[in-house]
Amino acid sequence: MSHAAAPVPMTARRTGPLHGEAPVPGDKSVSHRALILGALAVGETRITGLLEGQDVLDTARAMQAFGAEVERVGTGEWVVHGVGVGGFGEPAGVIDCGNSGTGVRLIMGAMATTPITATFTGDASLSRRPMGRITDPLALFGATIATRQGGLLPVTITGAADPVPVRYRTPVASAQIKSAVLLAGLNAPGETVVIEAEPTRDHTERMLAGFGAAIRTEVTPEGRVITLTGRPELRPQVVAVPRDPSSAAFPVAAALIVPGSQVTVPGVSRNPTRDGLYVTLAEMGANLTWDNDREEGGEPVADLTVRHGSLRGVTVPADRAASMIDEFPILSVIAAFADGPTVMNGVAELRVKESDRIDAMAVGLRANGVAVDETRDSMTVHGRTAVPGGATVQTHLDHRIAMSFLVLGLASDAPVTVDDAGPIATSFPDFLPLMQRLGGDLG
Ligand code: S3P
């Protein structure tokens with residue numbers, strides 16, 4: 001929902017050791033996809049552990065607008081009665097996806113091969129983000145699309161009445177582009193193919209297979225080649241959403257930088273297309289233990305325990321960026337407390353997230369006494385033994401910038417304030433009480 005709510009400033013102060021369990025919410029990427037595929041299946045899909053953040057609630061409302069029945073039956077428990085592939089009806093009003101790039105991009109894909117018209121909009125942050133990367137491939141299916149200049153929202157799409165299947169090589173590493181093409185391919189006859197040079201998160205492929213679609217991935221010299229057979233009948237599923245490794249990163253980071261801490265995150269996703277932060281933290285010398293590896297909802301999960309300890313700066317290779325694309329803001333906070341510089345390469349995509357995350361982190365870290373170098377597609381954070389803190393940081397409607405700087409404040413000498421903590425509700429509504437229960441001094 002786009003709401004220009006009054007900003008909610010929040011401050012974090014230097015904290016004693018953090019201890020306990022951090023049951024972070026359900027995975028945002030998996031939650032969006034469970035609602036969308038549930039809406040495209042015939043019959044009743046049951047979802048447990050759904051993230052009830054604003055981004056996902058906006059997707060739930062959008063699925064209702066396209067004709068699915070979507071009902072909340074308990075905490076994180078949702079039931080979706082789908083309309084089948086090709087069964088979306090024309091929404092009566094504008095589809096407002098709020099802050100969510102994933103929501104708007106996947107839903108545009110899901111409706112682009114059904115002959116209905118829909119107009120998509122979002123908040124000030126989403127209205128600055130590029131949509132041409134989605135509308136370009138959707139036009140190849142035969143959809144008719146109008147955007148604001150520069151490929152920006154609002155976007156109006158009339159889905160193809162006679163869609164053709166598409167073979168598409170993604171121009172940037174993006175699971176959102178891949179997923180939009182695959183979801184459009186569901187209602188095209190024949191085989192739709194996506195080729196990605198770098199692997200990106202594969203939740204769409206896993207879940208499509210779980211819902212009964214014929215989909216296969218081949219690893220070739222040109223990258224991953226994903227082939228989907230169109231017009232399947234998707235069978236409703238029971239989906240158990242694992243906990244979000246991107247949300248887990250915040251209490252994990254806090255435990256790493258606050259002396260004496262030990263925190264456990266139960267049942268967190270260990271999907272290898274999402275684990276780049278954890279690989280990097282291990283290289284930095286972080287004390288991480290994974291226990292009880294198991295599978296939930298088609299995704300590998302485990303219990304993660306993290307203990308405070310000294311860290312060293314590392315160089316993160318460009319080919320790891322996609323597997324930790326949402327974790328660079330919090331990695332740059334952790335890096336501020338490491339011994340030596342941490343270099344993050346191949347991160348240009350950060351400039352088109354909920355905010356320009358390279359700029360937001362560089363400005364905020366410098367204001368708090370940490371030296372940062374940046375280029376168009378890299379960022380270097382110079383670690384120090386003590387971080388002065390003391391500044392107020394602008395979060396630019398970006399949940400991960402807000403949470404990152406609040407974590408910084410838990411370990412810096414002087415308090416750190418963010419100008420607006422409101423956007424945290426898009427992905428991690430219980431961030432504040434969860435961090436307080438661990439012992440964090442913030443509010
Ligand atoms: C997401 C993909 C990523 C990520 C976003 C969620 C998804 O975006 O940043 O938070 O659920 O597919 P890109 O695929 O555009 O990099």
Side-chain angles (χ1 to χ4, degrees), residues 25-37 50-51 53-56 58-59 97-110 122 125-126 128-137 151 168 170-184 194 196-208 224 226 241-242 244-250 269 271 273-277 297 299 318-331 346-358 360 377 397-401 403-404 423-424 426-428:
D27 190 89
K28 183 149 69 76
S29 295
V30 174
S31 294
H32 283 294
R33 287 159 173 81
L35 289 168
I36 295 169
L37 290 191
L50 189 85
L51 165 63
Q54 191 58 46
D55 279 10
V56 175
D58 288 338
T59 288
C97 290
N99 192 248
S100 180
T102 308
V104 76
R105 290 175 172 141
L106 270 55
I107 297 167
M108 288 197 286
S125 155
L126 193 58
R128 287 190 288 266
R129 298 179 64 187
M131 297 298 147
R133 54 175 58 194
I134 302 298
T135 56
D136 287 351
Y168 194 70
T170 55
V172 290
S174 166
Q176 294 179 355
I177 302 176
K178 170 176 66 178
S179 301
V181 174
L182 290 173
L183 292 172
V194 182
E196 54 178 9
E198 299 284 344
T200 64
R201 65 190 68 192
D202 62 357
H203 308 298
T204 302
E205 298 94 299
R206 284 173 187 260
M207 208 182 282
L208 277 170
R224 287 200 194 192
I226 303 139
V241 180
D244 196 322
S246 302
S247 297
F250 298 102
S269 169
N271 182 315
T273 59
R274 295 282 298 280
D275 72 351
L277 174 71
E299 299 273 342
D319 65 7
R320 194 181 295 159
S323 67
M324 54 180 294
I325 194 65
D326 293 334
E327 281 66 79
F328 287 103
I330 191 63
L331 175 62
V347 293
E349 274 292 295
L350 296 185
R351 297 205 181 270
V352 291
K353 294 296 179 189
E354 286 82 331
S355 66
D356 176 341
R357 287 180 171 163
I358 296 180
D377 71 346
L397 287 178
D398 189 328
H399 54 134
R400 297 199 201 281
I401 300 299
M403 289 186 279
S404 294
I424 293 172
T426 62
S427 69
F428 200 157

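One-based numbering, in listed order, for ligands and for the atoms of each.
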Among I36, L51, T102, exactly one meets side chain to side chain contact (heavy atoms under 4.5 Å, CB included) together with S31. Which residue is that? L51
From the options R105, E196, R33, H32, select the one whose nearest heavy atom is closest to atom 7 (C) of ligand 1. R33
Between D27 and R201, is there a salt bridge with N-O shorter than 4.0 Å? no
May I ask you to identify the nearest protein heavy atom to atom 15 (O) of ligand 1, giving residue, atom name and distance to one decimal place in Å? S174 OG, 2.9 Å
So is E349 polar-close to ligand 1, meaning N/O to N/O under 3.5 Å? no
For T102, counting its heavy atoms only, list the atoms of ligand 1 lying under 4.0 Å from any of them. 1 (C), 5 (C), 6 (C), 7 (C), 11 (O)
May I ask you to identify, for H203, whether its side chain, its backbone, both or neither come under 4.0 Å of ligand 1 on a heavy-atom basis? neither
NZ/NE/NH1/NH2 to OD/OE distance under 4.0 Å, R357 and D398: yes
Backbone or side-chain N or O of R400 under 3.5 Å from ligand 1 N or O: no
Hey, does D326 come in under 3.5 Å of ligand 1, counting only N/O atoms on both sides? yes
For ligand 1, find out whether one of its N or O atoms is nearer than 3.5 Å to an N or O atom of A175. yes
S174 and T200: which non-hydrogen atoms are nearest, and at how many Å? N-CG2, 3.5 Å
Ignoring hydrogens, what is the shortest heavy-atom contact between H399 and T426? Give both atom names and the distance. CG-OG1, 3.3 Å
Which of the numbered atoms in ligand 1 are under 4.0 angstrom from any heavy atom belonging to K353? 3 (C), 4 (C), 8 (O), 9 (O), 13 (P), 15 (O), 16 (O)
Check whether any side-chain N or O of S179 sits under 3.5 Å from a backbone N or O of Q176 as a donor-acceptor pair, and report yes or no. no
Determine, for D244 against R274, whether the closest basic-nitrogen to carboxylate-oxygen distance falls under 4.0 angstrom. yes
Shortest protein contact, atom 11 (O) of ligand 1 (heavy atom only): S29 OG, 2.7 Å
